[in-house]
K.L.:
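Pasting in a structure now, in structure tokens, and then I'll have a few things to ask.
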Amino acid sequence: MKFIIYQICFCVTVITTFPAYAQKYKTESDTIKLNKEYKEVSSDVAELTSKLTVSQNKLPDYQSKASNAEDEAKSSAEASAEKAEKANSGNVKDARKAKRQAKIAYNRAKDFKSAIKNVKKQQKDIAKLTKKLKKKQKRLSDLEKMRNGIRNK
């Protein structure tokens with residue numbers, strides 16, 4: 001019961017303070033604040049755009065590294081399988097070589113896994129930056145509308 005009361009109080013507080021966060025510029029005296037926020041949002045848009053471009057340019061590098069790591073992992077796994085097959089009918093020396101090759105194959109498989117992880121992380125970063133950029137651009141257009149509204153008065 002207490003938990004529900006706390007939730008209700010929290011919701012009422014949030015609802016009553018929400019209009020305070022919605023900053024609207026309506027009069028000419030608000031122009032200074034509007035211009036300041038417009039400048040900040042514009043610089044944020046430029047910064048996010050540059051970060052997004054850098055991230056998008058890095059993505060093909062990560063993808064090519066992942067592709068190379070996949071090829072290495074496959075070839076190493078095949079070599080390991082061959083050594084293991086040879087070790088089955090061979091002596092101790094062949095078994096040691098097979099073990100060494102298996103270790104190499106395992107490490108290359110881990111490298112491939114981390115390369116794929118890097119590609120996915122880069123794609124998430126691009127998506128996140130794109131989402132932030134859209135928000136900032138929307139805010140910039142809202143500020144432009146407010147600026148035009150003040151000018152038309």
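Nothing here was measured: the structure is a model prediction, and the numbers come from that model. Just the heavy atoms: all of them, side chains too, but no hydrogens, waters or symmetry mates, feed the values below.
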K.L.:
For Lys51, does its backbone N or O pair with a side-chain atom of Ser55 as donor and acceptor, under 3.5 Å?
P.N.:
yes

K.L.:
Looking at Lys136, Lys39, Gln137, which one forms a side-chain hydrogen bond (donor to acceptor under 3.5 Å, both in side chains) with Asp44?
P.N.:
Lys136

K.L.:
Roughly how far apart are Glu47 CD and Leu129 CG, rounded to 0.5 Å?
P.N.:
10.0 Å

K.L.:
Can you name the closest pair of heavy atoms from Lys86 and Asp94 and give their distance?
P.N.:
O-OD2, 4.3 Å

K.L.:
Under a 4.5 Å cut-off applied to non-hydrogen side-chain atoms, are Leu140 and Ser42 in contact?
P.N.:
yes

K.L.:
Roughly how far, to the nearest 0.5 Å, is CG of Leu34 from CD1 of Ile150?
P.N.:
5.5 Å

K.L.:
Looking at every non-hydrogen atom in both residues, tell me the closest pair between Ala115 and Ala69 and how far apart they are.
P.N.:
CB-CB, 4.3 Å

K.L.:
Does any N or O in the side chain of Asn107 come within less than 3.5 Å of the main-chain N or O of Lys110, such that one atom is a donor and the other an acceptor?
P.N.:
no

K.L.:
Under the side chain to side chain contact (heavy atoms under 4.5 Å, CB included) criterion, do Arg147 and Asn35 qualify, and how do the steps go?
P.N.:
CA-CA 8 Å; Arg147 181 185 274 180; Asn35 288 339; 2.9 Å; yes

K.L.:
State, to 0.1 Å, how close Ala87 and Ala98 come at their nearest heavy-atom pair, and which atoms those are.
P.N.:
CB-CB, 3.8 Å

K.L.:
Using the rule that two of Ile, Leu, Val, Met, Phe, Trp, Tyr join whenever any of their side-chain heavy atoms come within less than 4.5 Å, decide whether Val119 and Leu52 are in one cluster.
P.N.:
yes

K.L.:
State the CD-OG distance between Glu72 and Ser67, to the nearest 0.5 angstrom.
P.N.:
10.0 Å

K.L.:
Quick one: CD on Glu82 to NZ on Lys97, what's the gap to the nearest 0.5 Å?
P.N.:
13.5 Å

K.L.:
Please walk me through it: do Glu40 and Arg139 pass side chain to side chain contact (heavy atoms under 4.5 Å, CB included)?
P.N.:
CA-CA 11 Å; Glu40 290 172 0; Arg139 182 63 181 159; over 6 Å; no

K.L.:
Answer yes or no: is there a side-chain heavy-atom contact under 4.5 Å between Gln101 and Ser76?
P.N.:
yes

K.L.:
Output the distance between atom CE (Met146) and atom OG1 (Thr31), rounded to the nearest 0.5 Å.
P.N.:
12.0 Å

K.L.:
For Glu85, I'd like to know if atom CD has over 12 heavy atoms of other residues, nucleotides or ligands within 6.0 Å.
P.N.:
no

K.L.:
Is any side-chain heavy atom of Leu48 closer than 4.5 Å to one of Val45?
P.N.:
no

K.L.:
Less than 4.0 Å between a side-chain N and a carboxylate O, is that true for Glu78 and Lys74?
P.N.:
no

K.L.:
Only one of Leu59, Thr53, Asp61 forms a side chain to side chain contact (heavy atoms under 4.5 Å, CB included) with Asn57, so which one is it?
P.N.:
Thr53

K.L.:
Nearest 0.5 Å please: distance from the CG atom of Asp111 over to the OH atom of Tyr106.
P.N.:
11.0 Å

K.L.:
Do Tyr62 and Ile116 sit in one hydrophobic cluster, given that two such residues count as connected whenever their side-chain heavy atoms are within less than 4.5 Å of each other, even indirectly?
P.N.:
no

K.L.:
Answer yes when Lys138 and Asp142 have at least one side-chain N-carboxylate O distance shorter than 4.0 Å, and no when they do not.
P.N.:
yes

